[in-house]
Amino acid sequence: MAVDAYGDITGVSVGQAYITAYFDNVIVMTGQMCGGYSCPNNSPAPQAPAAVTPKILLGGSNGTDITGTTQSVVVGQQIILYGSYSLPSGVSANYYSWSVPGSTSNPPTAIGNFVIDANSGTGSTTSVPVTQQQPTFYFVAPGNSQTVSFTLGYGNNQSASAGATFNVVGPTSVSVSTPLGQWQINSNSSGFELDFGFPLPPDQGIQFNGQATSPSGHAGTYEWAQLIGSDNITVTAGSQTLSCTAGTGLDNQFPYTTGLSAADSPSLSLPSADSKITSSDTYTMYFMWRPGLTGDIPVPLGYVTWQIYGDAVQSGATWTVQADSTRSANSFQQSASYPVWTSKVTNSSPLTCH
Amino acid sequence: MRHHVYSVACAITFIAFAALAASSPKQLFSLTIAEPKEPLKSGTELRLLVTVTNTSNRTISFITSPGPIPEDGLLYEIKVRDEQGHSAPPSAYLRTRDTHIPMDYGSRLARALSPGESFVDQITVTRFYDLSQPGKYTIAVALAIPPRQNLGKGVIKSNSISITIKK
């Protein structure tokens, strides 16, 4: 067998030969050899895979790149992140997805906002907007190494992610003690009232003596908010007894008061025409803190539930507190639970009776 | 000191009221009502802001309702006079309410004011007075001297303001 200079082979006897062919200028396109005359036209033109590397910006679209870094923040501080990215021409983003630690826990330790509407008398929290390119949210409980990640979905089911870590500080050594006062009958300019304590120290019905250590560099402000869980008043005149209520919800306004301590001395006027009045109420007082930064929100530190039952009887124009009157308070519970309400009770709004 | 709205019919006239206020000795605290900037439309709720300022040289604790600007109308004596000096009629709520049912209830706390400090209360006048009739009215309020602090007894009176109710 012979091979000439052109590659032609001539067999002259039975045997075997190794043939090596050399092809210059052969183009391989998407796995197909297209040497010779022409290659097929491809659309889109083949290209190398794109390198998509999203970034996390702190402060919005013009913010600081914090990708891969660790940031120190305080609870209640407004955090505005922005998922930044660059895609090759012709490739579009399909979705944004954020993972924020604590945003799905119960209660959540990261929230979208705490919204109070004084006009409608509502207060509620919102979730972290995890599908927006620029989410705004708040950590509401301290914690180290809280890693937030941003995932960009793009092109043909492709995705890329970036992460940033937050160390979240807040008040520590939080506690609330709740000394209780006594039921009493007091006079006022228009008659008598049944009081659980009296508002002036040291006779308050219940005191909330809060203690906490603010994080370094953030003294902040301590706030209180109280929810009325139930309110039932009975009014007896002769043989007729009416059941009344002031309703439930936020106790007057938010905040109830500010500072490390608070108190409550609920009062109920005693119409001279009545012979007996009882008042049964349950409350939850929330201890909160806000850092005092632009755009901040108050964050819950915990709560105290407490309950009272007062019973007053009139005899011979004299009102007396009955022995079955009670008062108690549960111990302070540290919690990230927010006070949430859909109605409010304003002092001395007309009672609803039946 | 709680609620005196219904006693306005037999109260002193507003002129005498203002004269008394003007001639009072050094007061423990002052009450200043902010005057509405615009006439009020008949049927609209009238809410006034009252600034309480400690003008004494000692701390005074005031009993208030919860909140940054408490709604504390029942703590005040409110006087509303029409152009003829007559007391404005009581509101429908006061006229029709069942006197067996307590009118005054709720959470209370003390707000301590150091000398020179102030806080603001809100009073919904139309809760106590019917101001549906167009015309000019004069309004003043008074607050009892807080109890249990050896401050004496009596009331402190505010300035008076005029409001116009239009149709």
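In the text below, chain A, chain B and the rest are named by the order of the sequence lines, each starting its count at 1.
Neither the backbone nor the side chain of A:Asp281 comes within contact range of chain B; no heavy atoms are under 4.5 Å apart. The contact between A:Ala263 and chain B is made entirely by backbone atoms, counting heavy-atom distances below 4.5 Å. Neither the backbone nor the side chain of A:Ile228 comes within contact range of chain B; no heavy atom of the residue lies under 4.5 Å from a heavy atom of that chain. When heavy atoms are compared at a cutoff of 4.5 Å, B:Arg111 does not approach chain A at all. In this structure, no portion of A:Thr258 lies under 4.5 Å from any heavy atom of chain B. Proximity to chain B involves both the backbone and the side chain of A:Tyr256, based on heavy atoms less than 4.5 angstrom apart. Of the two parts of A:Leu242, only the side chain, counted from C-beta on, holds a non-hydrogen atom closer than 4.5 Å to a non-hydrogen atom of chain B. No part of B:Pro146 comes within reach of chain A, as not one of its non-hydrogen atoms sits under 4.5 angstrom from that chain.
Two residues are said to be in side-chain contact when any heavy atoms from C-beta on lie closer than 4.5 Å; A:Leu270 and B:Pro102 fail this criterion.
Note: B:Ser107 OG to A:Met285 CE = 7.5 Å, rounded to the nearest 0.5 Å. Note that CG of A:Asn347 and CG of B:Asp104 are 7.5 Å apart. Values are rounded to the nearest 0.5 Å. Between the CZ atom in A:Phe208 and the CG atom in B:Leu109 there is a gap of 11.0 Å [rounded to 0.5 Å]. How far CD1 of A:Ile277 is from NE2 of B:His100: 10.0 Å, rounded to the nearest 0.5 Å. For the atom pair SG (A:Cys353) and CG (B:Asp98), the distance works out to 7.5 Å, reported to the nearest 0.5 Å. The OH atom of B:Tyr105 sits 12.0 Å away from atom OG of A:Ser267, with the distance rounded to the nearest 0.5 Å.
Across B:Thr124, B:Ile101, B:Thr99, the residue that shares the most heavy-atom pairs under 4.5 angstrom with chain A is B:Ile101. When each of A:Asp264, A:Val345, A:Leu194 is checked for heavy-atom pairs under 4.5 Å with chain B, A:Asp264 comes out on top. Most heavy-atom pairs under 4.5 Å with chain B, from the set A:Cys244, A:Pro266, A:Gly205, A:Pro350: that is A:Pro350. For chain A, the option among B:Pro147, B:Ser65, B:Pro68 with the highest count of heavy-atom pairs below 4.5 Å is B:Pro68. Between chain A and the options B:Arg148, B:Glu71, B:Gln149, heavy-atom pairs under 4.5 Å are most frequent for B:Arg148. Taking A:Ser265, A:Ala273, A:Ser272 one by one and counting their heavy-atom pairs under 4.5 Å with chain B, the maximum is reached by A:Ser265.
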Donor-acceptor pairs are to be reported for all side-chain atoms of residues 232-241 of chain A against protein atoms at under 3.5 Å, with residues two or more places apart or in another chain.
from: A:Thr234; atom 1: OG1; to: A:Thr278; atom 2: OG1; distance (Å): 2.3
from: A:Thr236; atom 1: OG1; to: A:Thr241; atom 2: OG1; distance (Å): 2.9

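When the shell of 6.0 Å around CD of B:Glu83 is examined, it contains more than 12 heavy atoms from other residues, nucleotides or ligands.
Relative to the ring axis of A:Phe196, B:Arg108 does not place its NZ or CZ within 45° and under 6.0 Å from the centre.
Using a 4.5 Å cut-off between non-hydrogen atoms, no part of residues 307-319 of chain A approaches chain B.
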